[in-house]
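Reckoned from all heavy atoms, side chains included, excluding hydrogens, waters and symmetry mates.
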Amino acid sequence: MPKDRKRAPRVDVVTREFTINLHKRLHGVGAKRRAPRAVAEIKKFAQKVMGTTDVRVDTGLNKFVWSKGIRNVPFRVRVRLARKVAEDEEASEKLYTLCTYEPKKSFKGLENITVEDEEVEAGAEA
């Protein structure tokens with residue numbers, strides 16, 4: 001398949017949960033650049049899987065990444081990626097991705113899942 005062909009932007013609103021292995025994405029990164037690079041890698045991952053260039057990181061996710069300091073970033077993080085419609089008219093894209101933190105005690109046996117609409121609304125109200 002030729003690499004110069006552009007893929008059509010995704011237009012559906014969807015929410016998915018992923019486990020991101022930050023440890024392998026930060027291998028070889030200097031100590032004082034690890035937490036900022038981790039946030040950048042989360043954004044890059046969200047761009048790739050959700051197909052939007054506008055990615056917004058929630059403050060809870062940012063605090064979790066920085067919770068052990070700039071050097072000792074957690075090895076893995078469970079994130080919920082929600083593709084949403086941008087309300088502001090001057091937005092360059094009509095869709096954006098919101099990354100939120102999903103706390104988990106263990107990452108064993110977790111898979112990437114698509115979250116149903118009822119679960120998303122219940123989580124927003126709580």
With side chains defined as the heavy atoms from C-beta onward, is the minimum distance between [X] and [Y] less than 4.5 Å?
X      : Y     : value
Ile113 : Phe18 : no
Val13  : Val85 : yes
Arg16  : Met50 : yes
Val115 : Arg80 : yes
Arg78  : Glu17 : yes
Arg37  : Leu26 : yes

Sequence neighbours excluded, which residues qualify as side chain to side chain donor-acceptor pair (under 3.5 Å) partners of Ser67?
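Ser67 satisfies side chain to side chain donor-acceptor pair (under 3.5 Å) with no residue once adjacent residues are dropped.
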
With sequence neighbours excluded, what pairs up with Arg33 under the side chain to side chain donor-acceptor pair (under 3.5 Å) test?
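Here no residue qualifies.
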
Which residues satisfy the side chain to side chain contact (heavy atoms under 4.5 Å, CB included) test with [X], sequence neighbours excluded?
X     : answer
Asp58 : Thr100
Arg71 : Ala31
Ala86 : Asp88, Ala91, Tyr96

Under 4.5 Å between side-chain heavy atoms, hopping through other hydrophobics if needed: is there a path connecting [X] to [Y]?
X      : Y     : value
Leu61  : Phe45 : yes
Val49  : Val77 : yes
Phe107 : Val79 : no
Val14  : Leu81 : yes

If you round to the nearest 0.5 Å, how far is CG of Leu95 from CG of Asp54?
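Asp54 CG to Leu95 CG: 9.5 Å, rounded to 0.5 Å.
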
How long is the straight-line distance from CZ of Arg56 back to NZ of Lys84, given to the nearest 0.5 Å?
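Here the rounded value is 9.5 Å.
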
Which is it for Thr52 and Gln47 under the side-chain contact (heavy atoms from CB on, under 4.5 Å) test, yes or no, and what are the steps along the way?
CA-CA 5 Å; Thr52 62; Gln47 277 183 348; 5.7 Å; no

Report the relative orientation of the aromatic rings in Phe64 and Tyr101; use parallel for angles under 30°, tilted for 30 to 60°, perpendicular for over 60°.
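The rings of Phe64 and Tyr101 lie parallel, inter-plane angle below 30°.
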
Quick one: does any side-chain atom of Arg25 pair with a main-chain N or O of Asn21 as donor and acceptor, under 3.5 Å?
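Yes; judged by distance alone, with no hydrogens or angles, the pair exists.
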
Between Arg83 and Thr97, do the side chains contain a donor N or O and an acceptor N or O under 3.5 Å apart?
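No.
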
Closest non-hydrogen atom pair between [X] and [Y], with its separation:
X     : Y     : value
Ala46 : Cys99 : CB-SG, 3.8 Å
Pro74 : Val65 : CD-O, 3.6 Å
Ala38 : Leu22 : O-CD2, 4.2 Å

Please give the remaining members of the hydrophobic cluster of Phe75, linking ILVMFWY side chains under 4.5 Å, ordered by chain and number.
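Grouped by the 4.5 Å side-chain rule, Phe75 forms a cluster of one, so the answer is none.
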
Verify the neighbour count for atom NZ of Lys44: are there more than 12 heavy atoms of other residues, nucleotides or ligands below 6.0 Å?
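No, NZ of Lys44 has 12 or fewer neighbouring heavy atoms, counting only those of other groups under 6.0 Å.
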
